[in-house]
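Note sheet for the following structure.
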Amino acid sequence: MAKRLVPILAMILVIMALYVFMLAVAELPPYGNVDNPAHNYVYEHYVNNALEETGVLNIVTAIILDYRSYDTLIEATVLFTSIMAVLITLKKGEQH
Amino acid sequence: MVALVKENAPILIVIASLFSAYLLPVFMQYRRYGIVGFLALATQFFVLFGGIFLATQVLAKGSFRYILAGWEAPWGLEITIDPLSTLFLIMIGLINLLILVYALPSLADELGNKVRATWFLTLFMLLTAALCGMALCHDLFNLYVFIEVATISGCAIVGAKGDARSTEATFKYLILATLGSCFVLGGIGFLYNLTGNLNMLFVNHELAQTWSNYQYALWVSLSFFIVGFGIKSAVFPLHVWLPDAHSSAITPASAVLSAISVKGYVLGLVKVFYIAVGPLIVASLNISDILLLLGMGSIIAGSIFAIAQTELKRRFAFSTIAQIGYIFLGLGLNNQAGLTGAFFHIFSHALIKTALFLIAGFILIKTGKSQIKDLTGIGKQMPLTMGAFTVVSLGMTGIPLFSGFIGKWNLLLGSLEAGNWLAILVLLAGSILAAIYLFPIIKQAYFTTNQDYAELKENTIMIVPILILAGTVLLLGIFPRPVLTLASQAASMLLGQ
Amino acid sequence: MTFSSIACVGIPFIGAGLLRRTKSRNATALLTWLTTTIVFGLSVYFFVQTRASYPLSDMTAAIFSLISAFTWWLVSFYLPEYMKAEERSRSFFIFFLLTLGAVQGIFLANNWIVLLAFFEIMTVTSFFWVIHNQNQEAITAGYFYLFLGIAAGLFIAIGLVFINSLGLPLEIGVNLVSLSNSTLLSWAIACLLIGFGIKAGMVPLHIWLPKAHTVAPTPGSALLSGIIIKCGVYGMIRTAQTINLTNPMASFPTNTGLIVIILGILTMLLGVSLALLQSNAKRLLAYHSVSQVGYIIIGIGTAIYLGNEGSYGLAGAIYHTINHAFFKAALFLGTGIIYLRTGQQNLYKMGGLWRKFPITALLMLIAVFGITGTPGFNGYVSKSLLHHGIIEAAAVGGGLLPWIERLFNLVGVGTTASFAKLYYLAFLRKADPELEINGKENGLLIFPLLIFALVITFIGIKPELFLNKAIILALPELGVSSINNLLATNFWVGREIFNMIITLLAGISFCAIGFRFHLFHYQSPAWLSIEYLGRNFIKGLSYLGSLIERKYEQAMANLSAQAKTCYTWILNFSSRLDTSGWGASGQISFSNINFDVYLILIAFAILLIYILL
Amino acid sequence: MELTIGAKLLNNYPFLGSLIIFGIGCYTVLSNSNLLKKLLGINIMESSIFLFYVATGNIRGGVPPIVDLAQPEALYINPLPTGLMLTGIVVSISVTGFALALIIKLYRFYGTMDANEIFEIRNEGKNNGSSS
């Protein structure tokens with residue numbers, strides 16, 4: 001009895017959760033609109049000043065390698081971490 | 001030179017641990033295992049003293065920010081040095097240092113050879129760096145990247161043992177933790193969508209004006225955060241990976257995971273909720289109630305599951321879930337005393353849990369016993385270890401004069417202030433349950449004698465960190481002032497007083 | 001906290017740690033002496049430093065710390081010689097030092113929690129003094145001591161919990177009544193007074209005191225009577241400080257002071273009347289500790305009662321605390337010498353000892369002069385201050401208080417009588433032929449007595465010195481600011497001296513009458529005697545006690561069985577929960593990964609739905 | 001002009017789509033007992049979040065954020081989410097690599113990649129161990 005009820009209950013939960021999701025998505029600022037809060041002074045600063053400040057034409061490059069270079073260092077560290085993780089998982093570590 | 005280091009200490013702490021992690025395999029390439037150990041220790045020293053130095057600065061001058069790469073806040077990244085982050089830095093430095101002192105002599109034997117030990121240390125340093133970074137970061141996406149480093153390195157040190165059991169646990173941990181990271185990333189995405197900023201202060205600033213337009217979206221975002229950080233910090237219904245991972249890993253790994261890593265994610269949650277979103281919005285969306293419920297559930301469920309465990313490390317792992325519950329409860333109380341209690345409890349639980357895991361590991365190394373029922377009469381053979389265990393478990397139950405008491409006392413005050421009688425009941429029940437799952441071990445160790453061990457010697461260096469931890473638990477119980485000051489200042493900072 | 005104060009607390013603990021490693025008896029003694037000497041030096045330094053930075057620092061703490069370190073230092077001369085006769089001397093030395101550290105911690109703490117912590121440590125470590133002999137009597141007394149000590153600690157802790165839950169600071173020396181007028185605060189202060197009162201030996205909770213002081217080794221008794229019960233007194237003074245002393249009758253429950261005064265006078269009367277009936281020297285002295293603490297409590301009570309004007313009472317209380325430490329320690333140490341050489345504590349079996357122990361006899365006479373309040377010795381000084389205080393209280397309050405003043409004088413008579421009895425029986429009377437005496441006085445045993453006697457006389461002759469240089473400085477920070485009368489006190493008023501001499505003469509004649517008519521061991525028909533009644537009463541009590549004990553044991557057995565069942569039930573319950581789906585106990589639940597993800601998603605869904613509700 | 005919820009949803013279809021893909025990822029993780037497929041499910045979830053970010057950064061009528069000096073008035077799309085997702089992809093790759101390594105190791109231990117089969121093998125081993 002209970003075993004049959006559990007999936008049904010879960011289904012009801014999921015549907016209600018989806019409903020909340022939809023409410024949330026409907027609330028989000030309209031897609032692709034220039035006036036969205038996401039395209040605010042930060043965006044304007046990047047687009048207008050990236051060339052003068054960094055001398056790079058590609059603004060994405062300017063962001064990841066200059067404005068947010070600390071992030072990129074850590075991103076490289078993530079790669080390094082995963083390499084070490086794979087090593088410690090698969091390798092025995094004997095050198096000879 | 002000194003001035004330069006002092007000026008740039010905040011970022012140097014992270015950078016130094018990162019670079020020492022990069023350097024460790026290089027030294028091992030030239031067979032310099034001694035240098036590897038020394039470098040690891042020195043880095044932890046640096047973190048500890050850096051943390052203390054920053055804490056004195058924060059206490060003297062108040063919180064301050066440090067701008068990275070010369071770009072001002074909303075465009076570039078910045079890191080913040082406040083009471084909370086310095087409290088974490090001190091904790092990370094102290095605990096990791098003691099764990100390393102414990103681990104270094106036996107690490108190569110436990111993992112097979114020195115090369116694997118170096119890899120383990122590398123991952124350990126990466127975990128340290130990531131946790132320091134999480135403590136200091138002031139940018140949501142930066143937080144996410146650090147979380148990923150911490151997750152991968154945390155999983156990897158669980159799997160370092162290399163047997164089937166730990167590999168399975170690692171896989172489970174990795175899948176669930178990545179799920180959690182996805183949730184966190186999703187939450188950040190929503191916040192970015194609503195505010196256009198990633199810097200926490202600016203997010204807070206933007207949200208304060210517009211949040212009433214986006215109630216559902218904000219709610220979805222915060223739910224993402226709760227689930228994501230909840231999985232990673234192993235709060236009750238989301239705790240499923242923790243007991244497996246912590247009980248199957250080698251001792252230093254389980255100690256660092258249980259004592260610090262889990263709380264790093266709690267810190268992430270605190271930063272997002274209290275700095276980025278702000279206590280007002282958190283209170284008006286009833287997030288506090290959810291945290292409170294999660295906390296209470298964790299305390300009760302974690303303690304009850306802990307009682308059922310027959311293996312020492314697994315029992316301690318479940319007890320971690322219960323203790324995380326205390327921290328969530330304190331966060332959910334959303335008042336000065338509650339937050340102070342939560343932050344103090346973070347510190348004192350780090351000490352206590354590290355000591356417990358180190359003791360479990362020490363007993364395992366010396367006697368080969370991991371089941372509780374096999375520990376008969378061990379109190380007579382290992383008086384120092386079990387003495388420390390007694391002190392620490394008294395601390396865990398929250399007896400006055402031990403550090404656990406101060407945290408729980410503040411939590412009780414917070415619950416009284418909030419008028420939440422259920423929380424008070426749960427806090428008291430948690431203490432009783434902690435006594436139920438810890439004291440039988442003491443009883444087993446001291447009051448049963450029907451087993452002869454071979455000559456046990458406790459005179460290795462491994463006993464030193466255990467004794468230091470037990471001593472600190474006592475000392476902090478009697479003189480809680482320094483940590484309590486940091487904790488209460490952190491609380492008042494978060495509540496915007 | 002300054003460095004020297006931390007060192008005062010820490011060094012005894014370090015010393016005690018080192019004592020475990022000493023090889024010989026001499027080394028142990030030397031190390032103990034060295035530690036106490038260092039602590040004494042440090043506390044002198046601390047005192048001087050405190051005086052130098054006077055209005056900023058805590059004079060009360062410095063005075064108490066100095067006196068306790070001084071007494072400990074002197075006793076450490078006496079200790080090795082005395083402990084030669086006892087077993088397990090090393091452990092006594094260790095606890096001797098531990099207790100020193102704890103007591104210093106109590107006096108130097110600036111926070112109630114720290115004070116409470118050291119208070120508990122002090123209770124536990126001095127418990128080992130009491131049970132040192134490990135015979136049945138000692139163990140009974142020890143458990144009495146321990147349980148009442150723990151009860152005291154609990155009372156204090158409850159008081160502190162109340163204070164903290166009102167959001168008041170837990171620093172010592174904060175005037176709490178001005179910060180809050182909640183009734184919970186009155187309960188808190190009542191709890192604190194009871195807690196410290198138990199330790200000080202206040203009636204009706206003094207019952208542990210005579211037992212414990214009698215069975216402990218004599219240096220232990222001297223310190224228990226001289227200093228340890230003063231920890232309670234110190235706590236009461238500090239509690240009085242939290243009540244608004246500068247503005248007394250208006251603010252706080254007005255009769256607090258009166259209640260404390262009445263408790264004080266009851267303590268005095270009970271102590272002295274029981275002391276008169278004792279034949280055991282140490283027990284007699286122990287009951288006198290009760291009565292002398294009554295004096296001190298009366299002083300504190302008048303200070304609470306009169307508030308800002310209560311400078312005589314408070315100064316008298318502090319002064320009497322100090323004086324009592326000196327003469328009571330001296331008396332105990334003197335009895336200790338006699339006990340050491342004769343093995344006798346029963347007064348009726350001693351006699352004529354002044355021939356064998358002339359110096360002890362002389363020095364003890366000085367101490368007796370001190371405790372009876374003979375003019376020219378220190379007891380006179382503090383008693384006349386206290387007397388002044390009670391007269392002032394009577395002038396303000398009227399009612400019961402004038403009677404209390406008369407009873408106060410009566411206690412003086414009783415004190416004199418009982419000490420005249422002690423001195424006569426032990427030293428002056430013809431020697432008992434059965435008394436065996438082995439050995440003589442010894443320089444090390446006499447030295448502390450000598451110093452005490454010198455101090456007693458010195459204070460008696462120049463009372464203003466210590467009063468003006470130390471005690472008066474402590475008063476303003478305790479909340480009593482009108483000290484001008486006190487500064488101008490003249491101790492050599494004819495009327496006071498006359499009053500004292502009358503008291504002394506009355507006491508001695510009462511003693512003589514007592515001996516003449518055998519009042520002190522009055523043998524009436526059995527059914528009338530107090531002892532008979534008492535014996536039957538005690539029989540009844542013990543029967544009741546054993547009944548209660550049996551019931552209690554049954555209940556405990558039941559309870560533990562219940563607890564065991566409960567524990568097993570919780571264990572079964574949680575293991576069932578644990579294996580059926582939530583994860584498997586003791587093994588990795590890897591296949592549950594589906595279930596785990598499911599759980600997480602359901603939690604997420606529930607969270608999302610929460611906003612709809 | 002006030003839009004209905006349905007119209008808003010239609011307007012915001014990329015966000016809704018990304019969240020639906022998120023659900024598909026969850027379902028994949030849940031329904032497959034094969035470890036590799038579970039990993040794929042996680043990857044799908046991550047990709048859906050990336051999609052969400054990129055959709056956030058898009059502006060209708062915008063051009064890629066590479067400064068074209070010939071057209072100073074061009075409307076560029078928001079470069080920040082794109083940059084963030086470069087980092088996100090690297091993170092995702094790292095996790096995937098590590099998880100694959102773990103799967104290889106589990107395969108070496110048990111000879112299978114199926115979670116249920118692994119559980120059975122473990123249980124058998126345990127039963128044999130206890131009986132012998």
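Here is the naming used below: chain letters follow the sequence lines, and residue numbers restart at 1 for every chain. Small disclaimer: the values here were computed from a predicted structure and weren't measured.
- Heavy-atom pairs under 4.5 Å with chain B peak, among D:Asn78, D:Thr56, D:Leu84, D:Ile49, at D:Leu84.
- Taking the ring centroids of D:Phe22 and B:Phe183, they lie under the 6.0 Å cut-off.
- In this structure, no portion of B:Tyr173 lies under 4.5 Å from any heavy atom of chain D.
- Atom CG of residue D:Leu106 and atom CZ of residue B:Phe171 lie 7.0 Å apart, to the nearest 0.5 angstrom.
- In this structure, B:Thr178 and D:Glu46 have side chains that are in contact, with non-hydrogen atoms separated by less than 4.5 Å.
- The two residues B:Cys155 and D:Phe98 come nearest to each other via the heavy atoms CB-CE2, 3.5 Å.
- For D:Asn58, the side chain to side chain contact (heavy atoms under 4.5 Å, CB included) partners are A:Tyr31, D:Ile77, not counting sequence neighbours.
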Could you walk me through whether D:Leu80 and B:Leu198 pass the side chain to side chain contact (heavy atoms under 4.5 Å, CB included) test, one step at a time?
CA-CA 10 Å; D:Leu80 185 56; B:Leu198 288 169; 4.2 Å; yes
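- The shortest non-hydrogen separation linking D:Ser94 to B:Ile152 is CB-CD1, 4.0 Å.
- In this structure, D:Lys105 contributes its side chain and B:Gly162 its backbone to a donor-acceptor pair below 3.5 Å.
- When each of D:Ile42, D:Leu19, D:Val29 is scored by its heavy-atom pairs under 4.5 Å with chain B, the top score falls to D:Ile42.
- No part of B:Ala177 comes within reach of chain D, as not one of its non-hydrogen atoms sits under 4.5 angstrom from that chain.
- Of all residues spanning residues 184-193 of chain B, those with a heavy atom less than 4.5 Å away from chain D's heavy atoms are B:Leu185, B:Gly186, B:Ile188, B:Gly189, B:Phe190, B:Tyr192, B:Asn193, arranged by number.
- Contacts of D:Phe52 with chain B are made by side-chain atoms alone, with heavy-atom separations under 4.5 Å and no backbone atom involved.
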Audit row: D:Phe109, B:Arg165, side chain to side chain contact (heavy atoms under 4.5 Å, CB included) steps and yes/no:
CA-CA 10 Å; D:Phe109 279 124; B:Arg165 187 178 141 153; over 6 Å; no
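- Contact check for D:Thr87 versus B:Tyr144: no side-chain heavy atoms found under the 4.5 Å cut-off.
- Heavy atoms closer than 4.5 Å to chain B are found in both the backbone and the side chain of D:Leu102.
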